[in-house]
Participant: 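Below are the structure tokens for one structure; questions will follow.
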Number of protein chains: 2
Amino acid sequence: MTRVLVVDDEPQIVRALVINLRARTYEVDAAHDGATALRLAAARHPDVVVLDLGLPDMDGVDVIRGLRGWTRVPILVLSARHSSDEKVQALDAGADDYVTKPFGMDELLARLRAAVRRAEPAHGGEDDVVVDTGEFTVDLAAKKVNRAGRDVRLTPTEWHLLEVLVRNGGRLVGQKQLLQEVWGPSYGTETNYLRVYMAQLRRKLEADPSHPKHFITEPGMGYRFEK
Amino acid sequence: MTRVLVVDDEPQIVRALVINLRARTYEVDAAHDGATALRLAAARHPDVVVLDLGLPDMDGVDVIRGLRGWTRVPILVLSARHSSDEKVQALDAGADDYVTKPFGMDELLARLRAAVRRAEPAHGGEDDVVVDTGEFTVDLAAKKVNRAGRDVRLTPTEWHLLEVLVRNGGRLVGQKQLLQEVWGPSYGTETNYLRVYMAQLRRKLEADPSHPKHFITEPGMGYRFEK
DNA sequence: CGGGCGCGTCAGGGTTCCGTCAAGGACGGC
DNA sequence: GCCGTCCTTGACGGAACCCTGACGCGCCCG
């Protein structure tokens, strides 16, 4: 859920923004002056701030500076002033975008999405998903398998098979599904491939490969990965 | 030094931008059509792109998509179209800002500064910038590699490859991803490039290049940098 | 009790993939 | 215009990997 802080002293603008943002499932806080805005920003940690420069209690640029003192949250400035100087001042103070009133709601929302998007951490936020069995660990993001403190080397096919099984952890995966996901959609009956590669996975990862505890065979059906 | 890629088919606009940017000590490349823009972006890796939507050879939005396929470089769109739809389309395709012609040079430069500023890495993780393997150190910020007290000289391509690997330290990086990040999005199968440049990196950085400890090959999949 | 079926194991051969070297071409500096 | 640096490209030996067939074993069923 994305949280937005709207700062404007004109009630009808705040209302219009709040309605439109809530309708798009944003979480919205609103402030009518600069002091409240700074306090709310600190308390609620919004993902983006929409800030009107014309506030009753302080200069809008000072609000920007107040925020930039401790956060890099995207700031989208809203202003009735069209002068170039005003824009330059706000942007150089740390604003991310500057929209002049009257503004189109579609455009504002698009600029808001752009601001939020680029604030997201790089690389799609792929958390290091690590599965731990006690005997070995599988790091799906790094494509790494560790056993007894040593990295285990897997071939592409071995890794691919392991990945499908681990992602379906606990569930039974049919042999046809395994074959198609690892070898391609035109495969489905070559169960000997599975036997060979399951054996290699077990040899590399199981403490006792002939009595597997994690790579379970379900005769006639498929295989299952268990922690 | 900040590098800017200017994309516009109107020579006078390009000239005005180039002059103004160079006067402010930016490094500037210019392209007059989309294909050239994508090629230059891949070759020169600009820190920000100024893109006119009205290009002779392809839709500007497709240029944005072409860039976003492999890079998060800030894109500042320049357009004669004022319609809300156009803006929304460009922004949602991945643009960072949208300025309508005619534009004030002061404002454009301020928006450019804002785009470059927020693309900078956050201040705080300073110690993450230098990676130490024991045999050599890589300073990502200073773009320097030091080995046995001496700076190692890397070619641009060597450095770029090293950078991608180090930033993904420990993680396996697929050959396709490496090729696209270093050579550009239109590459993906030229694995011989990787073989040549990995060999050069190893020759310059590994104690025993034929038995690499830090630049690990994962046959059939990609490469991995290990401390 | 014997045969069939499914599974696990092993080793060899063909193919793909990788490391290495060297030559040719593009580019920029002097 | 020459020279050095860098990038591209091709070729080749060797290593890694994938496929394949053969065999043994346990289980179920006839």
Side-chain angles (χ1 to χ4, degrees), chain A residues 143 145 151-162 165 172-176 178-184 186-224, chain B residues 27 29 39-40 42-45 143 145 151-162 165 172-176 178-184 186-224:
Chain A
K143 284 198 175 8
V145 179
D151 282 351
V152 181
R153 187 157 249 177
L154 298 185
T155 71
T157 309
E158 286 165 9
W159 174 260
H160 208 145
L161 181 59
L162 173 67
L165 287 169
L172 168 69
V173 187
Q175 2 198 32
K176 187 169 180 179
L178 276 173
L179 282 164
Q180 291 189 344
E181 290 211 36
V182 177
W183 277 268
S186 61
Y187 292 77
T189 57
E190 295 81 346
T191 58
N192 46 326
Y193 293 9
L194 290 178
R195 293 205 293 279
V196 171
Y197 279 92
M198 285 303 304
Q200 299 192 351
L201 275 184
R202 285 168 175 154
R203 179 148 20 95
K204 291 186 178 180
L205 299 180
E206 292 272 5
D208 181 1
S210 55
H211 298 93
K213 284 201 295 228
H214 304 105
F215 300 98
I216 315 289
T217 303
E218 301 281 2
M221 309 184 63
Y223 294 87
R224 188 157 43 88
Chain B
E27 236 176 275
D29 298 314
R39 192 162 40 76
L40 271 181
R44 308 270 293 164
H45 290 274
K143 292 200 189 304
V145 181
D151 278 354
V152 181
R153 236 172 65 78
L154 296 184
T155 72
T157 306
E158 285 166 9
W159 171 260
H160 210 122
L161 180 59
L162 174 67
L165 286 169
L172 171 68
V173 188
Q175 18 200 28
K176 188 169 180 177
L178 276 173
L179 281 165
Q180 291 192 342
E181 291 211 32
V182 177
W183 278 270
S186 62
Y187 292 77
T189 57
E190 295 81 349
T191 58
N192 45 327
Y193 293 9
L194 290 179
R195 295 205 294 277
V196 171
Y197 278 90
M198 285 302 304
Q200 299 193 356
L201 276 183
R202 284 169 175 154
R203 193 168 334 126
K204 291 186 178 180
L205 298 180
E206 291 272 4
D208 180 1
S210 56
H211 299 94
K213 284 203 292 238
H214 305 105
F215 299 98
I216 314 290
T217 302
E218 300 282 1
M221 299 196 285
Y223 294 87
R224 182 201 309 277

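Chain A is the first sequence line, chain B the second, and so forth, proteins listed ahead of strands; every chain is numbered from 1. Please read these numbers as outputs of a predicted model, since none were measured by experiment.
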Participant: Closer than 4.0 Å, any side-chain N/O of B:Trp183 to the OP1 or OP2 of D:dC7?
Facilitator: no
Participant: Please report the distance, rounded to the nearest Å, between OH in B:Tyr187 and C1' in D:dT9.
Facilitator: 12 Å
Participant: Tell me if a side-chain donor or acceptor on A:Glu190 pairs with a main-chain N or O of A:Gly188 at a distance below 3.5 Å.
Facilitator: yes
Participant: Inspect the contact between A:Lys143 and B:Glu218 and indicate whether a charged nitrogen and a carboxylate oxygen are less than 4.0 angstrom apart.
Facilitator: no
Participant: Whole-Å distance between C:dT16 C1' and B:Met221 CE?
Facilitator: 15 Å
Participant: Round to the nearest Å and state the distance from A:Glu218 atom CD to C:dC7 atom P.
Facilitator: 11 Å
Participant: What are the two closest non-hydrogen atoms of A:Phe215 and A:Leu205, and how far apart are they?
Facilitator: CZ-CD1, 3.9 Å
Participant: Between atom NE2 of B:His214 and atom CG of B:Leu162, what is the distance when rounded to the nearest 0.5 Å?
Facilitator: 12.0 Å
Participant: For the pair B:Lys204 (side chain) and B:Arg153 (backbone), establish whether a donor and an acceptor sit closer than 3.5 Å, ignoring hydrogens and angles.
Facilitator: yes
Participant: Between atom CG in B:Leu40 and atom P in C:dC27, what is the gap in whole Å?
Facilitator: 12 Å
Participant: Got a sec? Which of residues 152-162 of chain A come in under 4.0 Å of DNA chain D, heavy atoms?
Facilitator: A:Thr155, A:Pro156, A:Thr157
Participant: Which whole-number value in Å describes the distance from B:Gln175 CD to D:dC17 C1'?
Facilitator: 13 Å
Participant: Let me confirm one number: the OH-CG distance from A:Tyr187 to A:Leu179, rounded to the nearest 0.5 Å.
Facilitator: 9.5 Å
Participant: Where along residues 190-215 of chain A does a heavy atom fall under 4.0 Å from DNA chain D?
Facilitator: A:Tyr193, A:Val196, A:Tyr197
Participant: Look at the rings of B:Trp183 and B:Tyr197 and say which category their plane angle falls in: under 30° parallel, 30 to 60° tilted, over 60° perpendicular.
Facilitator: perpendicular
Participant: Quick check on C:dC17: is either OP1 or OP2 less than 4.0 Å from any side-chain nitrogen or oxygen of B:Thr217?
Facilitator: no
Participant: Where is the tightest heavy-atom contact between B:Ile216 and B:Pro212, given as atom of each residue plus distance?
Facilitator: CD1-O, 4.0 Å
